[in-house]
J.: 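This is the structure, below, for whatever I ask next.
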Amino acid sequence: MYQITIDKKKNRLYLMFGAIKDETEMHEIVENIRRECGKLKTGFTCLTDLRKYNPVEGIYEKYIRETQQDLINAGMSKVVRVRSPMGTMAHFQFDNISYEVGYHAQNVTSIEEGEKILDKENNG
């Protein structure tokens with residue numbers, strides 16, 4: 001389960017991940033993120049909702065790494081991740097891989113908090 005949307009006015013990519021069922025869905029996610037990034041301008045921000053995400057098996061981490069590298073290559077300037085308020089381990093999978101590809105995401109516990117951070121970044 002996932003959802004990928006953009007807001008061209010805010011120049012923002014929105015990613016929401018739940019349980020990923022198989023490698024076919026992972027590949028679909030990567031392709032959809034690439035397509036949507038192409039609709040944004042360099043310097044775009046990203047809000048990733050991981051509140052319903054369940055960590056995937058290690059064999060799928062290559063897709064996460066590839067996608068995170070694609071985000072950097074597409075010109076992403078900042079990312080904020082929304083995690084469960086109860087502090088699940090799911091966001092650590094994304095954090096560990098993002099450090100490997102060269103960026104750090106701030107973790108928050110609500111969409112509103114993430115929006116505030118990214119909006120402040122865009123408005124200086």
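Keep in mind that the numbers below use all heavy atoms, side chains included, and drop hydrogens, waters and symmetry copies. The model shown is predicted, which means the values in this text are computed figures rather than measured ones.
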J.: Are side-chain heavy atoms of K8 and K41 found at a separation under 4.5 Å?
T.: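 The answer is no; the side chains never approach within 4.5 Å.
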J.: When rounded to the nearest 0.5 angstrom, what is the spacing between CD in Q106 and CD1 in I117?
T.: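 Answer for the CD-CD1 pair, Q106 versus I117, is 3.5 Å.
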J.: Do M1 and K52 touch side chain to side chain, with heavy atoms closer than 4.5 Å?
T.: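 Yes, close enough: below the 4.5 Å cut-off.
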J.: At what distance, to the nearest 0.5 angstrom, does CG of L40 lie from CD1 of I6?
T.: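 Answer for the CG-CD1 pair, L40 versus I6, is 4.5 Å.
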J.: Under 3.5 Å, side chain of T67 to main-chain N/O of V30, donor-acceptor pair present?
T.: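 Not confirmed, T67 side chain does not pair with V30 backbone.
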J.: Measuring from atom CG of D22 to atom CD of E28, what distance do you get when rounded to the nearest 0.5 angstrom?
T.: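 The CG atom of D22 sits 9.0 Å away from the CD atom of E28.
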J.: I'd like to check I20 versus I29 (side-chain heavy atoms, cut-off strictly below 4.5 Å). Are they in contact?
T.: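 The answer is yes; the side chains approach within 4.5 Å.
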J.: Is there a side-chain contact between D70 and Q68 in this structure, where contact means two heavy atoms from C-beta onward sitting under 4.5 Å apart?
T.: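 A side-chain contact is absent here, since even the closest heavy-atom pair is not under 4.5 Å.
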J.: Answer yes when D49 and R51 have at least one side-chain N-carboxylate O distance shorter than 4.0 Å, and no when they do not.
T.: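 Salt bridge present between D49 and R51.
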J.: Are side-chain heavy atoms of F44 and C37 found at a separation under 4.5 Å?
T.: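 Yes, at least one pair of side-chain atoms sits under 4.5 Å.
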J.: Name all pairs fulfilling the ring pair (Phe, Tyr, Trp, His ring centres under 6.0 Å) condition that reach into residues 15-42, sequence neighbours left out, sorted by first residue then second.
T.: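 Those involving residues 15-42 are F17-F94.
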J.: Just verifying a value: how many Å separate N11 CG and C46 SG, rounded to the nearest 0.5 Å?
T.: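 N11 atom CG to C46 atom SG measures 11.5 Å (nearest 0.5 Å).
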J.: Do the side-chain N and O atoms of R12 and T45 include a donor-acceptor pair separated by under 3.5 angstrom?
T.: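 Yes, because at least one side-chain N or O of R12 sits under 3.5 Å from a partner of the opposite role on T45.
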J.: By salt bridge (charged side-chain N to carboxylate O under 4.0 Å, His left out), which residues pair with E31, not counting sequence neighbours?
T.: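 For E31 the salt bridge (charged side-chain N to carboxylate O under 4.0 Å, His left out) partners, ignoring immediate neighbours, are R34.
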J.: K39: what forms a salt bridge (charged side-chain N to carboxylate O under 4.0 Å, His left out) with it, not counting sequence neighbours?
T.: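 Counting only residues at least two positions away or on another chain, K39 forms a salt bridge (charged side-chain N to carboxylate O under 4.0 Å, His left out) with E36.
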J.: Just so I know, are the side chains of I33 and L15 near enough to count as touching, which here means a heavy-atom distance under 4.5 Å?
T.: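 Result yes, sub-4.5 Å side-chain heavy-atom pair found.
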J.: Side-chain contact, heavy-atom cut-off 4.5 Å: M26 with I64?
T.: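 In short, these two side chains touch, coming nearer than 4.5 Å.
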J.: When clusters are formed by joining ILVMFWY residues with side-chain heavy atoms under 4.5 Å apart, either directly or through shared neighbours, do M16 and Y14 land in the same one?
T.: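 Looking at the clustering, Y14 is in a separate group from M16.
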J.: Of L47, L71, V79, which is the lone residue that meets side chain to side chain contact (heavy atoms under 4.5 Å, CB included) with L13?
T.: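 Single side chain to side chain contact (heavy atoms under 4.5 Å, CB included) partner of L13 among L47, L71, V79: L71.
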J.: Quiz question: by atom type and distance under 3.5 Å, do the side chains of Y60 and E25 form a donor-acceptor pair?
T.: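 Judged by distance alone, the side chains do not pair up.
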